[in-house]
Structures are given as structure tokens and as C-alpha cells.
Amino acid sequence: MANISVSLPDGTQRELKQGATAADLALDIGAGLAKAALIAEVNGEEADLNKVLPDGAAVSIVTGDSDKGLETLRHSTAHVLAQAVLELYPGATFAIGPPIEHGFYYDFAMPEDETLTEENLEGIEEKMREIITADQAFIRGEVSANEALEIFSDHPFKCEIIKVADSSEVQTPDAISFYRNGDGFIDLCRGPHVPSTGKLQHFKLMNVAGAYWRGNEKNPMLQRIYGTAWASKKQLKDHLFRLEEAARRDHRKLANELDLLSFPDELGGGLAVWHPKGSQVRKLMEDFSRQRHEDGGYEFVYSPHIANAELFRTSGHLDFYAEGMYPPMEMDNGEYYLKPMNCPMHCLIYRTGTKSYRDLPIRLFELGTVYRYERAGTLHGLMRIRGFTQDDAHIFTTEEGLAEEIAGLLEFVISVLEAFGFNEFTFNLSTRDPQKSVGDVQMWDLATSALEEALDKHGLLFDRKEGDAAFYGPKIDIDVSDAIGRSWQLSTIQLDFNLPERFSLRYINSSGERKRPVMIHRALMGSIERLFGILLEHYAGAFPTWLAPIQVAVLPVANEHEKYAKDVIGKLEAEGIRCEFLRADNPLGKRIRDVKTQKVPYVLVAGGDDTANGTVGVNPRGSEVERDVPLSEFIGRLRTEVEERL
RNA sequence: GCCGGGUUAGCUCAGUUGGCAGAGCACUUCUCUUGUAAAGAAGAUGUCGUCGGUUCGAUUCCGACACCCGGCUCCA
């Protein structure tokens with residue numbers, strides 16, 4: 001029999017018998033690989049393992065170690081989910097079920113009078129395990145569109161997919177591919193799939209959710225089951241552990257446990273009250289922001305929380321964002337709205353008096369509280385709320401001054417974010433969408449290249465998001481990575497050619513001509529409330545000493561040491577250190593436990609030796625206890641730590 | 001806004017197949033006076049989210065609303 005030769009990713013060649021499949025190749029390379037193999041890549045195209053290899057092909061065997069392998073594994077698991085649901089719930093029909101980050105989902109429409117709830121997941125999972133234990137082979141097939149419509153005649157969503165010519169589920173317009181496994185479960189699918197259900201051992205169904213068909217809220221709502229799937233038991237376990245870790249850090253839980261803030265029902269959805277400790281932290285964040293802006297050449301302004309509708313007509317907010325604004329209040333001379341943004345107010349401030357090019361750039365800063373009517377279902381702790389405060393500034397500059405201003409801004413943003421313990425940033429540059437934009441193209445080009453140059457100048461890598469800009473100008477968004485690797489969009493630098501026009505803003509240039517300034521909207525923290533939530537999760541509630549609401553707890557060993565302990569507190573407070581005193585009405589261990597659960601950075605214990613020697617026992621958060629530390633030494637260390645924001 | 005789940009003491013949660021509800025922690029008082037993550041005893045604590053309906057009787061069943069959770073959609 002003739003042989004064929006294929007090349008492997010490492011460049012080596014392998015002889016195989018004519019008609020050999022990718023699975024044969026894997027086995028030829030090694031039993032371990034054969035077992036781990038999920039799919040193959042043949043001449044750059046993903047294929048099932050049972051694909052017969054053409055002579056001369058470049059082949060690589062894909063396992064669960066790669067993203068592609070995992071994706072396939074998850075996709076196959078989604079098929080098994082659909083198979084289980086359709087078997088368990090006659091009359092249910094299925095829509096789509098793709099792999100996603102960490103897992104997969106599948107959307108279903110349940111028969112009338114039936115709904116899936118999380119209680120059903122256990123039974124579905126059990127059925128899936130049966131299917132997996134049966135080790136059913138996934139078998140690919142192709143039919144014409146008409147035949148496919150016949151096969152899926154009971155499943156309207158599938159028929160809709162078949163009818164859409166450019167659907168990614170369909171391989172070519174005249175052949176529809178599908179996969180079959182078990183006793184007749186069949187699903188439309190481009191593939192490839194793992195060879196058999198036995199490969200799908202490490203999965204877990206997570207939750208049930210609603211999802212619109214094709215993601216459009218005008219379409220019917222389906223029921224979506226989310227699951228996670230991995231190549232090994234360990235990976236699955238690690239993933240579930242990471243989810244638990246995120247839950248442990250949940251800012252809503254920590255805010256409650258650490259007595260930082262609350263969301264009383266009577267206040268209404270998406271509105272918080274800040275308790276003294278949360279307010280202390282927030283105040284420190286705000287003070288820091290103010291200090292940095294003062295140093296950075298910003299002028300401070302204030303503006304009211306409500307404004308006449310006329311203002312928001314001028315700014316265009318009522319035309320474009322009325323749905324996101326609180327409904328109007330009827331008042332004597334018209335309608336008033338809660339402000340959803342500070343920019344119109346800042347434009348009014350700029351507009352007073354005549355501005356010369358010599359005055360620019362003008363940088364107006366405000367910790368401005370805005371109110372947005374977020375839809376009820378979108379609220380989420382501090383991350384998405386209806387009243388929040390932006391570290392908002394509007395910079396008015398000349399076209400010529402734009403590039404320099406942006407460059408300075410980038411530096412400024414990064415230095416502020418770094419103070420909050422972030423050191424990994426992602427930059428996104430959003431450019432013009434020709435379909436919806438105002439201002440002339442020349443202006444856009446100038447502004448976009450100013451943004452781009454500024455990024456280049458600082459050697460910052462960035463992703464270009466073509467057409468992602470707001471209608472009024474291009475922007476740079478900055479994301480940070482937190483302590484557990486999650487990404488948060490915090491800062492934004494947006495250019496605006498629209499508002500200066502709408503408010504008729506001007507300056508006089510050096511030739512005595514009236515010119516339009518360019519406006520830059522920029523927020524570094526974004527929303528103070530949201531950043532507070534992010535920091536709470538980032539630090540897992542253990543705020544660094546400079547931000548901690550209580551920095552030091554002082555505990556006398558016994559009542560007789562109370563006077564000395566209070567002297568210690570007096571000295572600390574004289575240094576501006578935030579202290580708490582716990583009298584000796586409980587065992588020392590108990591009191592230490594109490595303050596440790598509150599994540600106080602330093603516990604000082606004051607006993608007999610200390611009283612005699614002017615020392616303290618220092619029990620720091622996260623490191624070893626140190627006895628007999630002279631108080632002055634401790635104060636010195638703490639001062640350094642606070643000043644350097646360690 | 002839409003789909004699903006939920007709301008019981010300050011917190012975390014159990015419970016009542018319809019007969020005025022319970023634990024742990026926290027709190028208060030007393031005793032103990034402690035050297036680095038939970039001393040002991042006693043005590044107080046609830047419109048069982050709100051409003052309506054069914055019922056002799058509703059925290060429990062039904063409905064509306066509010067708020068929360070998981071998603072979808074949205075996010076200037």
C-alpha cells in the first residue's frame with residue numbers, strides 16, 4: 001500500500017499509510033498524544049480527528065492545552081447540554097450554543113408552561129454525564145439546505161439559522177454541515193468536534209439566564225444555560241476556586257462587612273449612603289485627586305445638580321440621551337433635569353468673558369455628581385449606579401496645542417492610577433465612524449493623530465478600535481488589570497468638536513480672529529463610587545495604609561495599661577494617624593481577631609513592658625508580630641508608608 | 001426594560017405541609033484582667049420587604065409593587 005507523508009509543526013516529516021486519519025497520526029506520534037488529542041489542524045484548517053489526511057499536508061494535533069482545543073471541548077460540551085435538555089424536556093427547542101470564555105452556553109425555548117430554573121441543572125448535568133459515559137462518537141454530515149430544513153422542521157430557530165445565507169453556522173451556501181451523536185441527537189454545526197463525548201469529563205453547569213434571540217430585545221426571550229468546561233479536573237477546580245475568590249472579594253459583601261456603605265431599600269435602586277468608614281476612604285481618594293489636579297494646572301469649579309431643560313437642549317443631551325436621564329421636574333418657569341453630565345455647565349463657565357489664545361489651555365475640574373437613569377435590571381452595586389461622582393475635567397485648547405495637551409494628560413492619568421496600586425494598563429484608541437459623526441474630517445484626522453502621537457510618544461502600545469468613537473470626537477480609553485487579573489475600564493480622554501459648536505465657544509487667536517477651541521473631556525477615576533468598588537475588590541478589603549479608614553488599633557493588655565494605651569493614641573493622632581482603641585473587656589486574642597477581621601493595617605498591643613519602656617507590640621496585617629518597638633520608631637515607619645502610599 | 005431566582009433579628013442563615021418564629025455572630029449587663037485571630041454567664045432583639053386578596057386565621061397560598069441576585073439588552 002502506498003504511503004503518504006505529512007509534516008508536523010516542529011518541521012519533521014512522518015510517513016503514514018494511505019488513508020490514515022489525524023487520529024492515526026496522533027497515535028503514531030505517541031499514546032499520550034492520542035489520548036489527549038481533540039481535533040487536528042490540517043493545512044491551517046481545523047478538522048475532526050477522523051479526517052483522512054492528504055499527502056503532503058501540514059498537520060498539528062490540537063489538545064486541551066491550547067485555546068483552540070479548549071474552545072472545541074466547550075463547543076462539544078454545549079452540544080451535549082442541548083442533547084440532555086432536549087431528551088429531558090420534550091417540546092423544548094434549541095437555538096445556539098457557542099463556546100465562550102471559560103465555558104459555553106446554550107439557548108433554549110421551553111415548551112409552554114415550563115421554565116428552567118437552577119434546580120433543574122443538577123438533573124441536566126446528570127443526563128449529560130450519562131451521555132459522556134456512553135462515549136458517543138460525534139459524526140459529521142452534510143446535507144442541502146432543504147434537507148436541513150426538513151431535519152429541523154420542529155426547531156424554528158435552527159430553520160432561521162439555515163435560512164440566513166451568511167450564517168457562520170453554515171459552511172457553504174449549498175451544503176449545511178451537522179453533527180450527530182447517540183441515538184439521533186443532531187445539531188447544525190460547522191465543527192469540528194472532539195471525537196466522542198467521553199472526552200468531555202470536566203464541566204459544570206453554572207446558571208440559568210434569560211437571553212434575547214439573536215441578542216435583540218425585540219426578539220423573544222430564550223432561556224440560556226451557562227456552563228464551564230476544562231481539559232482537566234485540576235483546571236476545572238482552579239476555575240471554580242477563582243470564582244470563589246472573586247466572590248470573596250465582592251465589593252457589595254465587603255462594603256457591608258467592613259461597614260463602608262449601604263444601599264437601603266427606601267433610598268431606591270442604585271443609590272447608596274456612605275457610612276463614616278467608607279466616607280473616610282472616599283474622602284482620601286477625593287483629596288488625593290484634588291491635590292493632583294491642583295498640582296496639574298487645573299482650576300476648580302462647582303456646578304448645580306439640576307438645570308433647566310434649555311441647557312440640555314443646547315448641549316444636545318435631550319436629543320441623544322433623554323432615555324438615560326431622570327424624568328423632568330416641572331417648575332415655575334419650565335422643566336428642570338438632574339444633570340447626567342457636567343460638561344454643559346463647564347461650557348457655560350468657559351463662555352463667560354472673552355478668551356484669548358494666551359489663556360488656553362483652560363482646564364476646569366470638578367468632582368461632579370451626576371444622575372443617570374440606568375435601567376432597573378442593569379444596576380450592580382457600586383459598579384453601575386444611578387448617582388455617582390466623576391473626577392471630571394474639561395480642557396479647552398487650541399488645535400495647535402492639542403497634541404501637547406494629550407501627551408501631558410496621558411502621563412498624568414498613569415501617575416494617578418499607579419497610586420491606586422495598578423500597574424498594568426491597556427490603551428484603546430477609538431476612531432471615527434463615518435456613518436455617525438459630526439465635525440469635518442480634517443479635524444477628526446488632526447485629532448486622531450494627536451491622540452496617536454501622544455500614545456507613541458510615551459511608547460504605549462494600544463489597540464485601534466475603528467469606528468468606535470462617539471459621534472463628537474475620537475477618544476482614548478484606559479483599562480487597568482486588578483489583583484486577580486480582571487480588567488476594568490477606568491479612564492477616558494475624549495475629544496469633542498460638538499459642544500464648542502453648540503455653545504458657540506470661542507477664543508481670539510494671535511491674528512485677532514475668533515476661533516473655536518477644541519474641548520477634551522477626561523475622567524481618570526471615572527466614577528469615584530465605581531473606582532471605590534474596584535479598589536475594594538482589588539485590595540480584597542485590605543486598603544493600603546494611606547487609604548485605610550482605621551490605620552492603627554491600640555489594645556491595652558489589661559485595664560491597668562489603658563492609660564498608657566491612650567497616651568499612645570494621643571501621640572498617633574497628633575501625627576494625623578487614624579486610630580481605634582479597644583478596651584480590655586475581652587481577652588486580647590479576641591480583640592485582635594475583631595480588628596483583624598476589619599482588616600486594620602496595624603494592631604498595637606500595649607502591656608506592662610511597653611508602659612515601662614515607651615514601646616509597643618506591633619502586629620501588622622500580613623506579617624510577623626514584633627515586640628518592644630519604640631513608639632517613635634513605629635510612627636516613623638508608618639509615616640513613610642503613608643507618604644509613599646505603600 | 002426583559003427572563004429566572006430571591007427578601008425571616010444589626011449580620012449570616014434555618015423554619016413553619018396556614019395556628020401570633022429559631023440558631024450562630026453582633027448587641028446589653030455582670031464576672032474574668034488577659035502579651036498576639038473566638039473567656040464565662042445572663043438578657044434584650046422581629047410589622048417574617050410593602051400593599052391588597054383568599055381564609056375562622058396568612059410570615060406561609062394568590063396578585064401587584066419595591067428592592068436584591070444571575071444573565072440579556074443598554075451604558076453619553
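Just so we're on the same page: letters track the sequence lines, and every chain starts at 1. Predicted, not measured: the structure shown is a model, and the values here were computed from it.
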inquiry  = Between A/His380 and B/C75, is there a contact of a side-chain N or O with OP1 or OP2 at under 4.0 Å?
reply    =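 No, outside the criterion.
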
request  = Examine B/A26: is either OP1 or OP2 under 4.0 Å from a nitrogen or oxygen in the side chain of A/Lys590? Give yes or no.
outcome  =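 So the side chain of A/Lys590 is within the cut-off, an N or O lying under 4.0 Å from OP1 or OP2 of B/A26.
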
Strand-adjacent residues in residues 610-626 of chain A, judged by heavy atoms under 4.0 Å from RNA chain B = A/Asp610, A/Gly617, A/Asn619, A/Val625

query = For RNA chain B, what residues of residues 251-258 of chain A have any heavy atom nearer than 4.0 Å?
reply =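 Those residues are A/Arg252, A/Asn256.
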
query = What base-paired stems does RNA chain B take part in, with at least 3 consecutive Watson-Crick or G-U wobble pairs and both distances under 3.5 Å?
reply = B:1-7 with B:66-72, B:10-13 with B:22-25, B:27-31 with B:39-43, B:49-53 with B:61-65

Using atom types as modelled, flag every donor-acceptor pair under 3.5 Å from a side chain in residues 118-125 of chain A to any protein atom, sequence neighbours excluded.
| residue | atom | partner | partner atom | Å |
| --- | --- | --- | --- | --- |
| A/Glu118 | OE2 | A/Val208 | N | 3.2 |
| A/Asn120 | OD1 | A/Thr117 | N | 2.7 |
| A/Glu125 | OE1 | A/Arg129 | NH2 | 3.4 |
| A/Glu125 | OE2 | A/Leu205 | N | 3.0 |

Which atoms of nucleotides 28-31 of chain B (N or O only) lie under 3.5 Å from a protein N or O atom, and what are those distances?
none

Holding to side chain to side chain contact (heavy atoms under 4.5 Å, CB included), I want the full list of residues that pass it with [X], two or more places apart in sequence or in another chain.
X        : value
A/Glu244 : A/Phe241, A/Arg248
A/Ala470 : A/Tyr472
A/Pro630 : A/Ser632, A/Glu633
A/Ser279 : A/Trp274

message = Under 4.0 Å, heavy atoms only, any strand: does A/Tyr321 hit a base, just the sugar-phosphate, or nothing?
response =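 Counting heavy atoms under 4.0 Å across all strands, the contact made by A/Tyr321 includes a base.
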
task = Sequence neighbours left out, what passes side chain to side chain donor-acceptor pair (under 3.5 Å) with A/Lys590? Give chain and number order.
result = A/Asp594

request  = Apply side chain to side chain donor-acceptor pair (under 3.5 Å) to A/Lys253 and list each qualifying residue two or more places apart in sequence or on a separate chain.
outcome  = A/Glu257

Mind calculating the distance between [atom1] ([X]) and [atom2] ([N]) to the nearest angstrom?
X        : N     : atom1 : atom2 : result
A/Leu379 : B/C74 : CG    : P     : 16 Å
A/Glu560 : B/U33 : CD    : P     : 11 Å
A/His102 : B/G71 : NE2   : P     : 13 Å

Set out, line by line, the N/O atom pairs under 3.5 Å between protein and nucleotides 41-46 of chain B.
none

ask   = Can you find a donor-acceptor pair, distance only, under 3.5 Å between A/Arg384 side chain and B/C74 base?
value = yes

query = Looking only at N and O atoms, is any donor in the side chain of A/Tyr212 or the base of B/G1 less than 3.5 Å from an acceptor on the other one?
reply =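 A donor-acceptor contact between them is present.
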
inquiry  = Is the distance from the ring center of A/Phe104 to that of A/Tyr226 below 6.0 Å?
reply    = no

